[in-house]
Amino acid sequence: MFLTASKLPARVLAFVCLASFGGVAIALIAQHGFNVKPCPWCVMQRALFLLLGAVAGLGWLLKSSAALRKLSLGAVLLLSLAGLASAYYQHEVASKLASCDMTLADRVVTALDLETLWPDVFMITASCAEAAAYRLLGLPYEFWSALLFAAFFVAGVLALRRR
């Protein structure tokens, strides 16, 4: 069977790892190839996706430790919830603000100095209202982000429930 109980956590972690990095790659193609400018909440979600990818990748590669896999899956659940909250806030609150300066996302990106460390990925170049105008296949980018975070959460729950 494709999703046997013993292989499901590893496959979920592999999926989360690859899809997280793939999501950031798509965002970077949109930014640098099609001039889709990121706001602080977009950048925050990129950071969460990269962190998810790293945590899931580590859990996936540590094949010998079931406890570390469970820990990785738990972290995937928490980070996915943080990502969902971020996408929700971006859509419901930040997108309606003229400026999203000094919101939580802007403060986190600034405190971690992400714009200096990796400007091609983390440079904030738009306000939240500007970023809200961008669409991919008719949906705002934060919807796509939320869907991916939700998929990670559901997959993580399923993997943790299998014994």
Side-chain angles (χ1 to χ4, degrees), residues 9 12-59 70-115 117-161:
V12 165
L13 290 169
F15 162 70
V16 171
C17 176
L18 298 174
S20 290
F21 294 140
V24 173
I26 290 168
L28 292 174
I29 290 168
Q31 178 183 348
H32 297 291
F34 299 99
N35 205 30
V36 175
K37 298 176 182 178
C39 71
W41 288 95
C42 302
V43 169
M44 172 81 113
Q45 289 167 57
R46 288 179 188 184
L48 286 169
F49 278 125
L50 290 173
L51 189 55
L52 266 163
V55 165
L58 187 61
K70 285 184 181 181
L71 185 64
S72 292
L73 286 166
V76 164
L77 294 180
L78 292 174
L79 291 168
S80 296
L81 287 175
L84 279 167
S86 175
Y88 175 81
Y89 184 87
Q90 179 183 358
H91 183 73
E92 291 297 324
V93 179
S95 65
K96 294 162 182 63
L97 301 173
S99 171
C100 40
D101 288 347
M102 301 315 294
T103 61
L104 176 65
D106 191 50
R107 290 178 184 187
V108 168
V109 171
T110 301
L112 296 175
D113 203 23
L114 295 177
E115 290 181 299
L117 293 172
W118 202 0
D120 288 341
V121 175
F122 297 120
M123 180 66 69
I124 297 167
T125 57
S127 72
C128 293
E130 288 174 298
Y134 297 118
R135 300 270 190 269
L136 177 65
L137 301 175
L139 290 176
Y141 275 82
E142 66 270 15
F143 274 43
W144 292 106
S145 182
L147 287 171
L148 195 53
F149 284 125
F152 294 164
F153 183 81
V154 169
V157 167
L158 291 173
L160 282 172
R161 290 186 69 192

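Because only heavy atoms are used, hydrogens play no part in the values below, and waters and symmetry mates are left out as well, while side chains stay in.
- Remark: I26 CD1 to F21 CZ distance equals 14.0 Å, nearest 0.5 Å.
- The heavy-atom pair separating L148 from A19 by the smallest distance is CD2-O, 3.8 Å.
- Under the side-chain hydrogen bond (donor to acceptor under 3.5 Å, both in side chains) criterion, the residue pairs touching residues 145-160 are Q45-S145, with sequence neighbours excluded.
- For the ring pair (Phe, Tyr, Trp, His ring centres under 6.0 Å) test, residues two or more places apart in sequence or in another chain that qualify with F143 are H91.
- For F15, the ring pair (Phe, Tyr, Trp, His ring centres under 6.0 Å) partners two or more places apart in sequence, or in a different chain, are F152.
- Across R46 and D120, no two heavy atoms sit closer than the pair NH1-O, 4.4 Å.
- In plain terms, the two heavy atoms of A87 and A146 that are nearest each other are CB-CB, 3.8 Å.
- Atom CZ of F153 is separated from atom CG of L79 by 12.0 Å, given to the nearest 0.5 angstrom.
- Residues Q31 and V121 come closest through the heavy atom pair OE1-O, 4.5 Å.
- When every heavy atom of L73 is checked against every heavy atom of G156, the shortest pair comes out as CD2-CA, 4.3 Å.
- Contact between P38 and V43 at its shortest, heavy atoms only, is CB-CG2, 4.0 Å.
- With S20 contributing its side chain and V16 its backbone, the two residues share a donor-acceptor pair below 3.5 Å.
- A distance of 9.5 Å separates CG in L48 from CH2 in W41, rounded to the nearest 0.5 Å.
- Here the side chains of Q90 and C42 are in contact, with some heavy-atom distance below 4.5 Å.
- Note: S72 OG to L52 CG = 11.0 Å, rounded to the nearest 0.5 Å.
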